[in-house]
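Report on one structure; see the data block that follows.
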Amino acid sequence: MNKLLLYRSPLCALFLITVLGACLRFYNLESLGLGNLFYAATIRSMGESLHNFFYAAFDPAGTISVDKPPLALWLQVISTKLFGFNAYGLIGPMVLASTLSIPITFFASRRNLGITVGLAAALVIAIFPESIATSRDSTMDGLLMLGTVLSAWVLITAVEKHPRLILVWGLIMGLLFNIKFFEGFVLLPAAAIYILVRWHKDIREKACLIILSGLILLGTALSWIVWVDFLASGSHPQIMNDPNGSALSLAFLYNGIERVLPTEVTVFQPIVKPSGGSVSLDTWARLWGVGDRGLFRLFTGANASLIGFSIVLGFIGLVLSLIQYKKFFSGPGIFWAVWFLTGVLLFSFSNRAPMHYIESFAPAIAVMAGYGLVNFRTVSGRLYKYVSPIVALAALGYIWMITAEYPGLRFTVYFVAPVVFCIGCIEYIGMWRSWPRHSVPKVLGLLLFPLLVSLWIISFSPRAQITIPNPVIFASADYQGKELTPDTLASWRRVPAEQLISMLPAQGDSKYRFGIDGINNAGEAIAFTGSSILPVWNEYSRELMITDASLRTLFSSGDLPYILMSQSRFRLGLLNDLTTITDDYCTYDPGFVKIRGWIVLKCN
């Protein structure tokens, strides 16, 4: 009997799946520009000096360091030196990392779960819309996903076959912490349970290995933080978004507890107008995963098409794993299931959950979905002919529901439904004629939906990236009929940095070209000009970026000769702390009246 190609040559099938994932990620890469300008500015500034490079300086003068660890940024700086400060240098490393995650997902999941599940998992991650959108940005989450699935592969190999590899796993986990702090530790509960379950009979014998692995993890994770906080105290840049000026505090508070527990997120709080009333930022807050905690956060709105559908497929796999619990949980299956559930629960109820954080457990989504798609027919048994159409119709109904508010994606229904119907017809003919059971089940046709969403993101979304914050919003009715293409990226610029610099006199001996209100405004200006620009106001805390005394010293010394302020923030009274100081040192310069929407102050 002839066998399917994937059984004769799984590596050939894996190669084709990886090529598909690479095409979706690399497509039209040059049109993505600099990606997330916050990180683009940091990478450009870090390339100015070794001091900036080591401390992950946000601005070229090395006054402020970015609020993330440096490992991924180091790789991106090196990449820009090799390939240029463009999409290839900035985003290319993340696209490549995300692509490499596809075959590693296969190798990590095939043990115990089988080659077919491994290939299905690789296919799910290859076409996963969130992963594709995230990889096409300069944020470091694509590299984080590669690190997590690599650590999963090493851990499974260590637990099942080569125990000493758990030391390597500890090293990888420590490096993950230096990519994006605790985001890389979402899999730790699953790892702990997996080790305890599989090694419970000889846990004492392996205790030394476990303890040593933990020490390696802690030593690697805290190495940069210890240097910054204790060995280089006083000589490092100011730590962004941490009132204590500590890298350790930054990791545990701003990038740790405050991301999970319910706390006020200042940047999205309503803006009280001086004339009365307020401006609500709820819409943008929800797109950034703020203010919408609950069971349905991941399955509704713009999140549904991006990640919700794939997670539903993961839950199908989870249900089937519980039915086959003796087979599934006798090996690494328990690791994948717990990792999947940890991620879903964490990002359903956490305080801040932007969608690119899903990369921290995307491989687990893929593996659980792959397990469900492959084993659905086998587990259903004689009930398959009844259960299968119910599941298919429920999935199609969900697709219809989640695309109702996003007409730009409604076309997916008209592709997915006929394909699933045709596969179903072939299946039932096969049952009637007693064809071999390795025919493709109709539930696999449901993967056409995430594939089509991914194709829409890279082809039609004007910002085919994740930190905008969600490319699916451009499929909503608000944007239909508008001329929005990836080539219109320049229209999203808001800071007239080049125009202002062209009108300013030579910089002379001043430390900064000018100051500007807002970290993100400064990021855009630095990313596109490379000039020494200082953010003097922090929108994330709505207060001065540096101390009152430090700002006054910069003005009196002539190191900060100009200030660029947003008229809208000025009128809303957000910059009162800043204007209290500028009133003593700066005057309005009418020579810059051509710069609309902004106020230019000359300071001396």
Side-chain angles (χ1 to χ4, degrees), residues 37-38 40-42 44-45 48 52 55-67 236-243 245 250 254 266-267 271 494-501 503-505 507-589 592 595 597-604:
L37 300 180
F38 176 83
T42 303
R44 186 161 194 169
S45 298
E48 294 293 315
N52 286 6
Y55 291 110
F58 175 74
D59 63 297
T63 303
I64 301 164
S65 68
V66 76
D67 56 7
H236 62 77
Q238 176 182 324
I239 306 294
M240 181 188 293
N241 287 328
D242 184 74
L250 176 72
Y254 182 77
T266 304
V267 68
I271 301 173
R494 65 182 304 270
V495 179
E498 295 94 332
Q499 182 183 2
L500 175 59
I501 289 174
M503 299 171 68
L504 293 177
Q507 183 170 352
D509 296 330
S510 61
K511 187 176 182 179
Y512 303 100
R513 201 75 172 99
F514 62 87
I516 190 170
D517 64 298
I519 292 173
N520 288 297
N521 285 342
E524 180 181 330
I526 293 169
F528 282 102
T529 69
S531 296
S532 184
I533 298 165
L534 178 69
V536 294
W537 184 79
N538 186 346
E539 63 266 42
Y540 295 100
S541 58
R542 294 183 184 173
E543 60 185 11
L544 292 176
M545 187 73 233
I546 59 177
T547 64
D548 182 300
S550 298
L551 190 55
R552 290 180 182 276
T553 299
L554 291 175
F555 284 139
S556 60
S557 65
D559 280 331
L560 191 59
Y562 292 91
I563 291 290
L564 182 64
M565 289 194 301
S566 163
Q567 282 186 0
S568 59
R569 284 176 174 166
F570 175 78
R571 289 169 179 168
L572 288 170
L574 290 172
L575 306 179
N576 289 342
D577 289 347
L578 176 61
T579 55
T580 298
I581 300 173
T582 57
D583 286 347
D584 294 336
Y585 297 91
C586 310
T587 56
Y588 172 71
D589 193 329
F592 298 98
I595 302 180
W598 297 83
I599 300 170
V600 180
L601 303 179
K602 184 177 181 180
C603 311
N604 52 53

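Asp584 approaches Thr580 most closely through the heavy-atom pair OD2-O, 3.7 Å. Contact record, Ile501 with Arg513: O-NH2, 3.8 Å, taken as the closest heavy-atom pair. The two residues Asp577 and Glu543 have their closest heavy-atom pair at OD2-CA, 4.5 Å. The shortest non-hydrogen separation linking Pro535 to Phe58 is CG-CE2, 4.1 Å. Of all heavy-atom pairs spanning Ala525 and Val495, the tightest one is CB-CG1, 4.1 Å. Summarising the geometry of Lys511 relative to Ser532, their closest heavy-atom pair is O-OG, 3.1 Å, with the distance given to 0.1 Å.
A donor-acceptor pair under 3.5 Å is formed between the side chain of Asn52 and the backbone N or O of Pro60. Between the side chain of Ser65 and the main chain of Ala56, no donor-acceptor pair closer than 3.5 Å is present. With hydrogens and angles disregarded, a donor-acceptor distance shorter than 3.5 Å links the side chain of Glu524 to the backbone of Arg494. The backbone N or O of Val600 lies less than 3.5 Å from no partner atom in the side chain of Asp589, so there is not a single donor-acceptor pair. Put simply, the side chain of Glu539 gets close to the backbone of Asn520: a donor and an acceptor are under 3.5 Å apart.
Ring orientation note: the planes of Tyr540 and Tyr254 are nearly perpendicular, at an angle over 60° on the 30°/60° scale. A tilted orientation is assigned to the rings of His236 and Tyr55, their planes being inclined by 30° to 60°.
The line from CG of Leu564 to CH2 of Trp598 is 5.0 Å long, rounded to the nearest 0.5 Å. The structure places CG of Leu554 at 7.5 Å from OG1 of Thr63, a figure rounded to the nearest 0.5 Å. Separation of atoms CE (Met545) and CG (Asp517) is listed at 13.0 Å; rounding is to 0.5 Å. The CD1 atom of Ile563 lies 7.5 Å from the CG atom of Leu534; values are rounded to the nearest 0.5 Å. Rounding to the nearest 0.5 angstrom, the gap separating the CD1 atom in Ile64 from the OG1 atom in Thr42 is 10.5 Å. Rounding to the nearest 0.5 Å places CG of Leu504 at 5.5 Å from OH of Tyr562.
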Subject >> Residues Arg571, Gln567; criterion side-chain contact (heavy atoms from CB on, under 4.5 Å); working and verdict >> reply: CA-CA 6 Å; Arg571 289 169 179 168; Gln567 282 186 0; 3.3 Å; yes
Subject >> Verdict with supporting geometry, Asp67 and Leu250, side-chain contact (heavy atoms from CB on, under 4.5 Å) >> reply: CA-CA 7 Å; Asp67 56 7; Leu250 176 72; 3.9 Å; yes
Subject >> Pair Leu578-Leu551, side-chain contact (heavy atoms from CB on, under 4.5 Å): steps then yes or no >> reply: CA-CA 9 Å; Leu578 176 61; Leu551 190 55; 3.8 Å; yes
**OP:** Check the pair Phe38 / Val66 against side-chain contact (heavy atoms from CB on, under 4.5 Å), numbers first and verdict last.
**Re:** CA-CA 9 Å; Phe38 176 83; Val66 76; 3.4 Å; yes
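Residues satisfying the salt bridge (Lys or Arg N to Asp or Glu O under 4.0 Å) test with Arg542, not counting sequence neighbours, are none. For Asp548, the salt bridge (Lys or Arg N to Asp or Glu O under 4.0 Å) criterion is met by Arg552, not counting sequence neighbours.
When side chains are defined from C-beta on, Thr582 does not count as touching Val536, because their heavy atoms never get closer than 4.5 Å. Counting heavy atoms from C-beta on, the side chains of Asn538 and Asn241 come closer than 4.5 Å.
Other residues, nucleotides and ligands contribute at most 12 non-hydrogen atoms within 6.0 Å of the CG atom of Asp509.
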